[in-house]
There are 2 protein chains.
Amino acid sequence: MTEGDDRTWTISEISSEFGVTPRTLRYYEELGLLSPDRSRDNGQRLYSRRDRARLKLVLRGRRFGFSLKDLKELLDLYDTDPTRKEQIRRTLEIGAKRIEEIDEMIRELQVHRQELLDYRDRLVRFLEGKATAEELDLPLDDTE
Amino acid sequence: MTEGDDRTWTISEISSEFGVTPRTLRYYEELGLLSPDRSRDNGQRLYSRRDRARLKLVLRGRRFGFSLKDLKELLDLYDTDPTRKEQIRRTLEIGAKRIEEIDEMIRELQVHRQELLDYRDRLVRFLEGKATAEELDLPLDDTE
DNA sequence: GTTGACCTTTACGTAAACGTAAGGTAGCAT
DNA sequence: ATGCTACCTTACGTTTACGTAAAGGTCAAC
């Protein structure tokens with residue numbers, strides 16, 4: 001059924017592939033974000049496909065300003081015990097909240113993007129002599 | 001021309017309105033992100049409409065994981081000397097890069113959102129007895 | 001058998017973004 | 001003139017997310 005999915009990677013392979021240091025990977029493990037196999041005699045970490053998927057999620061989340069604690073919570077959602085239907089419902093709730101947060105971030109980013117575009121237009125019009133210097137200030141504060 | 005725009009706010013007014021502590025506002029000033037009027041005898045800070053606009057930009061940027069240093073750079077874009085056309089061109093360049101970054105973030109957020117939705121669907125199908133527990137793992141690692 | 005590459009743990013150091021007193025001033029109310 | 005409130009500066013403390021040695025184990029290669 002699941003064949004060939006047992007491939008593993010060493011810490012240096014993972015670290016160079018994902019552009020993070022080994023220290024970072026060990027730190028994430030310390031926080032419970034990753035759990036590479038440690039059952040080898042020599043104590044080496046071996047990362048599975050699952051670890052890679054989790055790491056990807058963490059690195060992406062980090063770029064959005066989520067804390068590692070936030071991301072730990074998120075990863076725990078995926079660790080829901082499938083036999084506990086009540087827990088699954090809880091997971092669904094939290095996931096829904098998460099999606100709302102993401103939607104809000106997307107909206108805010110679009111606002112921010114638009115402001116930058118507007119400012120760019122003002123600069124261009126100024127260069128063309130079609131606008132005065134006074135129009136080159138920050139987007140005005142509209143709350144109130 | 002610009003009338004009634006000279007209204008000012010105290011530090012506690014600003015801090016409670018924007019949900020940050022006075023310490024944060026003083027810290028931002030120390031970093032050059034804000035520059036409230038300090039010309040009063042008693043040394044009090046008085047925040048203008050311009051300071052509010054800059055603060056808003058900072059607080060929003062912070063939610064996207066931008067560092068205060070990043071945001072300082074961004075704010076400096078708006079402080080371009082309008083008489084230096086060469087500097088304006090430079091500003092336009094940096095602004096364009098910024099917009100690309102934002103577009104990339106939006107794309108990534110949408111991917112992230114979609115993954116959460118997919119996972120939600122799997123959970124729901126499981127609750128309905130239409131999926132097995134094995135399907136409830138993380139979205140599979142597809143790089144390779 | 002020793003060199004070198006790669007791994008390990010332990011532990012102290014650090015930059016960013018504030019938090020948190022401590023101690024003093026300005027202005028108004030009683 | 002005394003208290004209260006809001007402001008100020010200075011300065012040390014704290015959390016997060018790692019960086020950076022230091023000291024040592026393992027294993028293939030020469």
Side-chain angles (χ1 to χ4, degrees), chain A residues 7-48 51-52 54-76 101 105 108, chain B residues 7-48 51-52 54-76 101 105 108:
Chain A
R7 183 168 165 198
T8 58
W9 291 262
T10 69
I11 196 168
S12 60
E13 283 169 347
I14 296 287
S15 90
S16 71
E17 181 180 345
F18 287 88
V20 297
T21 66
R23 171 65 170 116
T24 299
L25 296 175
R26 296 192 187 105
Y27 182 58
Y28 288 176
E29 180 179 352
E30 194 181 324
L31 298 188
L33 297 170
L34 302 177
S35 40
D37 183 28
R38 304 300 301 276
S39 59
R40 291 268 313 265
D41 290 14
N42 53 11
Q44 264 204 19
R45 290 164 174 82
L46 284 181
Y47 294 85
S48 70
D51 292 310
R52 295 168 58 99
R54 294 173 72 99
L55 178 56
K56 269 180 138 182
L57 190 149
V58 170
L59 295 181
R60 193 175 51 220
R62 206 181 49 167
R63 286 197 292 281
F64 306 142
F66 287 118
S67 73
L68 296 182
K69 196 174 160 192
D70 285 342
L71 295 167
K72 161 84 170 140
E73 258 186 67
L74 179 57
L75 282 172
D76 287 346
E101 282 174 32
M105 286 186 72
E108 283 194 273
Chain B
R7 179 165 170 202
T8 58
W9 291 260
T10 69
I11 196 169
S12 60
E13 283 168 347
I14 296 288
S15 89
S16 71
E17 180 179 348
F18 287 87
V20 297
T21 67
R23 172 66 170 114
T24 299
L25 297 175
R26 295 191 188 106
Y27 182 57
Y28 288 177
E29 180 179 351
E30 194 181 323
L31 298 187
L33 297 170
L34 302 177
S35 39
D37 183 28
R38 304 298 302 273
S39 60
R40 293 267 313 265
D41 291 15
N42 53 11
Q44 260 203 21
R45 291 164 174 83
L46 284 181
Y47 294 84
S48 69
D51 292 309
R52 293 168 59 99
R54 295 173 71 97
L55 178 56
K56 269 180 139 182
L57 190 149
V58 170
L59 295 181
R60 192 175 52 220
R62 207 182 49 170
R63 284 198 294 280
F64 306 143
F66 288 118
S67 72
L68 296 182
K69 197 174 160 191
D70 285 342
L71 295 167
K72 161 86 170 138
E73 259 186 66
L74 180 56
L75 282 172
D76 287 346
E101 282 174 32
M105 286 187 72
E108 284 193 272

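Quick note on labels: first sequence line is chain A, next is B, and so on, each numbered from 1. Only heavy atoms go into these numbers, but all of them, side chains included; no hydrogens, no water, no symmetry mates.
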A:Thr10 vs C:dC6: side-chain N/O to OP1/OP2 distance below 4.0 Å: no

Please determine whether side-chain hydrogen bond (donor to acceptor under 3.5 Å, both in side chains) holds for the pair B:Thr24 and B:Thr21, giving the CA-CA distance in whole Å, both sets of side-chain angles, and the decisive distance to 0.1 Å. CA-CA 5 Å; B:Thr24 299; B:Thr21 67; 3.1 Å; yes

Just the rounded figure in Å: distance from P of D:dT26 to CG of A:Asp41. 10 Å

How long is the line joining CG of B:Leu68 and P of C:dC18, in whole Å? 5 Å

Reported CD-to-CZ distance for the pair A:Glu101 and A:Phe66, which is rounded to 0.5 angstrom: 6.0 Å

When rounded to whole Å, the NZ to P distance for the pair A:Lys69 and D:dA17 reads 10 Å

Which residue, B:Arg54, B:Arg23, B:Arg45, forms the salt bridge (charged side-chain N to carboxylate O under 4.0 Å, His left out) with B:Glu29? B:Arg45

Taking only N and O in the side chain of A:Arg62, is any of them less than 4.0 Å away from OP1 or OP2 of D:dA17? no

Between C1' on C:dC18 and CG on B:Leu55, what's the gap in Å once rounded to a whole number? 15 Å

Side chain of B:Arg62, backbone of B:Leu68: donor and acceptor closer than 3.5 Å? no

Look only at the side chain of A:Arg52 and the backbone of A:Tyr47, and say whether a donor-acceptor pair between them is shorter than 3.5 Å. no

Please determine whether a side-chain nitrogen or oxygen atom of B:Arg38 lies at a distance below 4.0 Å from atom OP1 or OP2 of D:dT9. yes

Summarise protein proximity over nucleotides 19-26 of chain C in one line of letters, 5' to 3': B for base, S for sugar-phosphate only, - for none, counting protein heavy atoms closer than 4.0 Å. BB-----S

Tell me which residues in residues 26-37 of chain B put a heavy atom below 4.0 Å from DNA chain D, sorted by number, or none. B:Arg26

To the nearest Å, how far apart are B:Ile14 CD1 and D:dC8 P? 12 Å

